[in-house]
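Below is one structure, written out as structure tokens, with a few remarks after it.
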Amino acid sequence: MPKIAHQFEMDQQFEYAQDDKSDASPSNTWKILTVEDDPDYQASLVASLAGLSPIMGHNLQILTASSSIAAATLISQHPDIGLILLDVVMEEDDAGLRLVNTIREVLGNASVRVVLLTGQPGFAPEKEVMRTLDIDGYWNKAELTRDKLHSVEHSNFRTWLYLNQLIQARQGLQLVLDAARSINSKHDLVSFTRAVLLEISQILGVAKGGIMCVGNAVNSSFDDHYVISSTGSFEHLQGLKISDPQFSTIYTDVHTALVKQQHLLTTFHSIFYFETQNIDHKCYLMVVKSDIPVSDAHKNLLQVFSENISSGFTNIALLNRLTELAYTDINLNIPNRNWLYREINTMSVKERNHTRLLMLEVNQFDEAAFAFGADFCQKLLQHVHKQICNLLPQSQRIALTSSHRFSILMKADEQISEEILNALNHQKIVVSDVEHNVDLSLLQMDLACTQGYTAAKIVNLAESSLKEAKSKFIKNIKHTQQESDSISRRYDLMRELRTAIGNRTLNVMLQPKVSLTNHEVVGFEALARWKKDDGNYVGPDEFINIAEKSGLIQKLDCLIFEKTVEAIKTLAQHGYHLPVAFNASSLDLVRPDYYNFIVDVIEKNAIPAHLLELEVTETQAMSDYSIIQTQLNKFINFGLKISIDDFGTGYSSLAHISRLNADYIKIDRSFVSRLGSDDPSAHIVEMIMLMCKKLGFKVIAEGIETEQQQQILQDLQCDMGQGYLFAKPMYVDDVLAWLKKHQ
Ligand code: C2E
Ligand code: CA
Ligand code: CA
């Protein structure tokens, strides 16, 4: 008879624990509880139970309680009790039934089996009560023989076992669902497999074992499969190839799973096979080594789980494929702009210092596309790509970074010889038996001079630099620190200018125009002024150019126009009703709403239209002659005077000039400043004067700085002058003071 250990606990309860010297590990023992207030019957029951043979290979641990309260306490401490033999009548007539209610409802224990015992012959609880409390049966104490006890015990423990498995499976499924959910958010293979491994450990309750994921391309040699991630006792194997001697014990099984492309479940390790063949030709083996035997329930769960995560592998493969696409130009199947960004952004400072960016642009590409079609362009790009690879062996890191621009990352200390540059620039391509010349522009930029810039900024910088050089017909550009600085200053200025325009902090100065016959002030020119927050002025030549190139010019000119109108009103308030000229860019004039805007401001401020003159440069007026002339006519009809600015610097033909509908011609400062020297520009001024007189334009000479220049212009019968000789541009207050003095 097994020894029974008596143990005094609070509330008079005894625990009879089987002190078996055999290998009765906790999982090998099932617990039974007898609840009985009659000590004699309790003792005989315990004796009978202790004499029973093991059930399904499990020894019994017998627990006893003599009251329903003691029983409830015990049950809450031992949720793994399988069977309760329960006396119905104890402290009260229905104490037993109340206890069952507590077990089911309060303790939430649905799996424990309950068999009622009664001393009163003929007692039978109601069927409904039996059902709701999930009671398995009732016995008259007198009738419960040892044999019957054995069969009661047997059948109930079996039920309890199945119930438990069911409940565990349900909890397991919940775990699987939760796990799949938490894993779904992982997008790279290592963290994904790691998350999977952790979840499997949880499901199995693996404490001492380990889990790892082995994988590689399907067609790679088995020995090249390696551990992508691992946990537990496999932790140290991460990164190792399966051929490593440390894998000798599982090598064969893993190999079998791979060859059969199937899961392989053995008692002490389970191997799961996954593949993403159709996407990236890869397969993965999840090896689970457990310190506890993997039960059938676990195996089922792992199967369910593996089905769930199998789609996770597919998702990651798809994502990788997408990422690959995001970094590849599909037409040429070489890296693209995103790739270049990524490469540059992930470089260390040292790497940047040793890297040069080479940018090659195919000139007249758009024209070629238009004339010869997309097919030709595709062939052209393929050809250029091949040529670059042949001529520049250093160019493995080459990308197509826009429709017609290649970018190459190379070592900064590698030089490109003149011959190679020449060869690059004199390529011929034969398409459909017709020979075409391939015209390229090339820029070299050491990334050392772009430290601190983002990749996008660097690529923009290179592209602007290339564009700028092309406009000057330069084909091979070496981008230097100086250019970097000046372009980046332009970037900064552009940002600041945008803010300044938004905050309306730009201002106007007025520069007087004077009659060269009687020296009277005949009007002003409004000139934009920008004083930055740091107190420094930026010259209009610089910021107007930036504004024109960055699309800010319209906003800027509209703002300056409003300020010009304010100035006119101030002058008028002081009794000066003099016309003021404002500068308009051709970019303003081609926009239909510009005219409406100007008219609107004039009308709102009730300014007579003749107090305003519009200046547009000769080059700009001629750039889009028919559109601009139409627009200018609208202004003229509204009552504005038109000046053609910087005259003589453009290339307008006489035919065009004679058709120009303007009032004034402003001779450019460059001619005026050379008057009086031996320079032939004196003759040019003479010619312009003659022509203007013939065509009926009035003439204003810009930039008069000396008496001598003034004299010559007077001799040539120039009508008006503007220049430092009379006055520099001034803010309105200074203009008022100047006007007082001048008169
Ligand atoms: P511009 O229209 O030809 O203006 C005349 C320029 O010559 C002004 O330069 C003026 O300050 C300068 N100037 C006048 N007299 C003399 C002189 O005797 N000697 C010298 N050395 N220079 C003289 P600023 O103000 O630097 O303007 C440069 C250019 O910027 C202007 O040339 C004009 O094309 C443009 N600009 C100025 N304000 C605006 C504007 O509001 N809108 C637009 N679109 N362009 C503007
Ligand atoms: Ca002007
Ligand atoms: Ca001018």
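Hydrogens, waters and symmetry mates are skipped; everything else that's a heavy atom, side chains included, is used. Just so you know, ligand 1 is whichever comes first in the structure, and atom 1 is the first atom listed for that ligand.
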Proximal protein heteroatoms (N, O or S) of the Ca ion (ligand 2), under 3.0 Å | E525 OE2, N583 OD1, E615 OE1, D645 OD2
Indicate the ring-plane relationship of F365 and H404, choosing parallel, tilted or perpendicular according to the 30° and 60° boundaries.
-> parallel
Return the set of residues passing side chain to side chain donor-acceptor pair (under 3.5 Å) with T355 (not counting sequence neighbours), or none when no residue passes.
-> none
Trace of the side chain to side chain donor-acceptor pair (under 3.5 Å) decision for Q451 with N353 | CA-CA 8 Å; Q451 287 298 0; N353 278 334; 2.9 Å; yes
Is there a side chain to side chain donor-acceptor pair (under 3.5 Å) between Q717 and K693 once you walk through the steps?
-> CA-CA 9 Å; Q717 295 186 328; K693 288 275 141 25; 5.6 Å; no
Return the set of residues passing side chain to side chain donor-acceptor pair (under 3.5 Å) with K604 (not counting sequence neighbours), or none when no residue passes.
-> D600
Heavy atoms of other groups near N518 CG, more than 12 under 6.0 Å = yes
With the side chain counted from C-beta on, respond yes when F647 and D668 share a heavy-atom pair under 4.5 Å apart, and no when they do not.
-> no
Could you pull out the N/O contacts under 3.5 angstrom between ligand 1 and the surrounding protein atoms?
unit_1, atom_1, unit_2, atom_2, d
ligand 1, 2 (O), E525, OE2, 3.0
ligand 1, 2 (O), N583, OD1, 3.2
ligand 1, 2 (O), D645, OD2, 3.0
ligand 1, 3 (O), D646, OD1, 3.2
ligand 1, 3 (O), E702, OE2, 3.1
ligand 1, 7 (O), R669, NH1, 3.0
ligand 1, 15 (N), Q511, NE2, 2.9
ligand 1, 18 (O), Y724, N, 2.7
ligand 1, 19 (N), E705, OE2, 2.5
ligand 1, 21 (N), E705, OE2, 3.1
ligand 1, 22 (N), R669, NH1, 3.2
ligand 1, 22 (N), Y724, OH, 3.4
ligand 1, 25 (O), R529, NH1, 3.0
ligand 1, 25 (O), R529, NH2, 3.0
ligand 1, 38 (N), A528, N, 3.1
ligand 1, 42 (N), D557, OD1, 2.6
ligand 1, 44 (N), D557, OD1, 3.2
ligand 1, 44 (N), D557, OD2, 3.3

Report the relative orientation of the aromatic rings in F372 and F376; use parallel for angles under 30°, tilted for 30 to 60°, perpendicular for over 60°.
-> tilted
With respect to D492, which candidate in R489, M494, R490, E496 satisfies the side chain to side chain contact (heavy atoms under 4.5 Å, CB included) definition?
-> E496
